[in-house]
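Pasting in a structure now, in structure tokens, and then I'll have a few things to ask.
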Number of protein chains: 2
Amino acid sequence: MLEKTTRMNYLYDFYQALLTPKQRSYMSLYYLDDYSLGEIAEQYEVSRQAVYDNIKRTEAMLEEYEKKLALFQKFQKRKQLINQLKEYILQKYGKDQQLFALINQLEELE
Amino acid sequence: MLEKTTRMNYLYDFYQALLTPKQRSYMSLYYLDDYSLGEIAEQYEVSRQAVYDNIKRTEAMLEEYEKKLALFQKFQKRKQLINQLKEYILQKYGKDQQLFALINQLEELE
């Protein structure tokens with residue numbers, strides 16, 4: 001469950017711009033702020049089932065976008081390569097501040 | 001016009017997975033294979049106007065996706081940073097094959 005939450009947080013991060021405002025609100029309360037379905041239902045004056053259905057549909061949409069665009073997968077690979085790059089440079093050339101600043105910019109780009 | 005074609009080629013590259021098969025066919029014939037609207041219309045047995053409308057709508061969708069996800073913009077920034085990284089390493093440490101292999105992997109990730 002924790003693993004699913006982490007994955008959903010990432011997918012939400014990458015694809016939230018493609019969701020509707022309501023989908024964004026529910027997802028952000030449920031996954032980022034850790035509200036229960038009941039609490040969200042109360043706040044929006046809808047049924048718990050309505051919130052549940054909306055979140056399930058949104059999760060499926062996020063997985064569908066990931067299948068098509070693979071932004072999370074590419075992000076993970078990029079992160080892995082950047083770490084390899086840093087380790088290699090650190091071992092061979094030491095802590096070159098200017099070089100690490102460039103690599104950090106690359107890392108923060110997403 | 002050439003600039004627009006280049007941009008559309010990139011946007012198509014990044015977001016084609018989000019298009020319908022027909023949108024992909026028209027875009028790919030028009031932008032990658034340089035068919036005219038008339039030639040596409042003939043091949044699909046539809047009016048030239050129908051092809052034109054479809055392509056215009058698809059172009060607008062691609063720009064909308066770019067506004068939301070900015071994949072092309074991020075790609076350009078990443079490319080620029082990777083070039084800076086390469087130049088810096090080349091000037092300071094020379095052509096370290098192993099290091100450049102890692103950077104190339106990073107570059108080819110997208």
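Every chain is numbered from 1, with letters handed out A, B, ... down the list of sequences.
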Using non-hydrogen atoms and a 4.5 Å limit, figure out which bit of B:F14 sits close to chain A: side chain, backbone, both or neither.
-> backbone
Quick check: are there more than 12 heavy atoms from other residues, nucleotides or ligands sitting under 6.0 Å from CG of B:D33?
-> yes
Just wondering, do A:K92 and B:L99 contact through their side chains at under 4.5 Å, heavy atoms?
->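 A side-chain contact under 4.5 Å is absent here.
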Other residues, nucleotides, ligands: >12 heavy atoms within 6.0 Å of A:Y52 OH |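 No.
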What residue, out of A:I103, A:L106, A:I82, A:L71, has the most heavy-atom pairs lying under 4.5 Å from chain B?
-> A:L106
What are the two closest heavy atoms between B:L109 and A:K77, and how far apart are they?
-> CD2-CB, 3.7 Å
Euclidean distance, B:E107 CD relative to A:L81 CG, rounded to 0.5 Å |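 A:L81 CG to B:E107 CD: 12.0 Å, rounded to 0.5 Å.
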Just wondering, are more than 12 heavy atoms of other shown residues or ligands nearer than 6.0 Å to NZ in A:K74?
->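 For A:K74, atom NZ is crowded (more than 12 foreign heavy atoms under 6.0 Å).
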A:F75 reachable from B:L102 in the ILVMFWY side-chain graph, under 4.5 Å edges | no
Could you give me the CA-CA distance, side-chain angles and deciding distance for B:Y93 and A:I89, then say whether side-chain contact (heavy atoms from CB on, under 4.5 Å) is met?
-> CA-CA 11 Å; B:Y93 303 114; A:I89 292 169; 5.8 Å; no
Counting heavy-atom pairs under 4.5 Å to chain B, which of A:Q16, A:E64, A:Q84 comes out on top?
->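 Counting heavy-atom pairs under 4.5 Å, the top option is A:Q84.
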Counting only heavy atoms not in B:K67, do more than 12 fall under 6.0 Å of its NZ?
-> no
CD/B:E42: more than 12 non-hydrogen atoms of other groups inside 6.0 Å |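 Open: at most 12 neighbouring heavy atoms sit under 6.0 Å from CD of B:E42.
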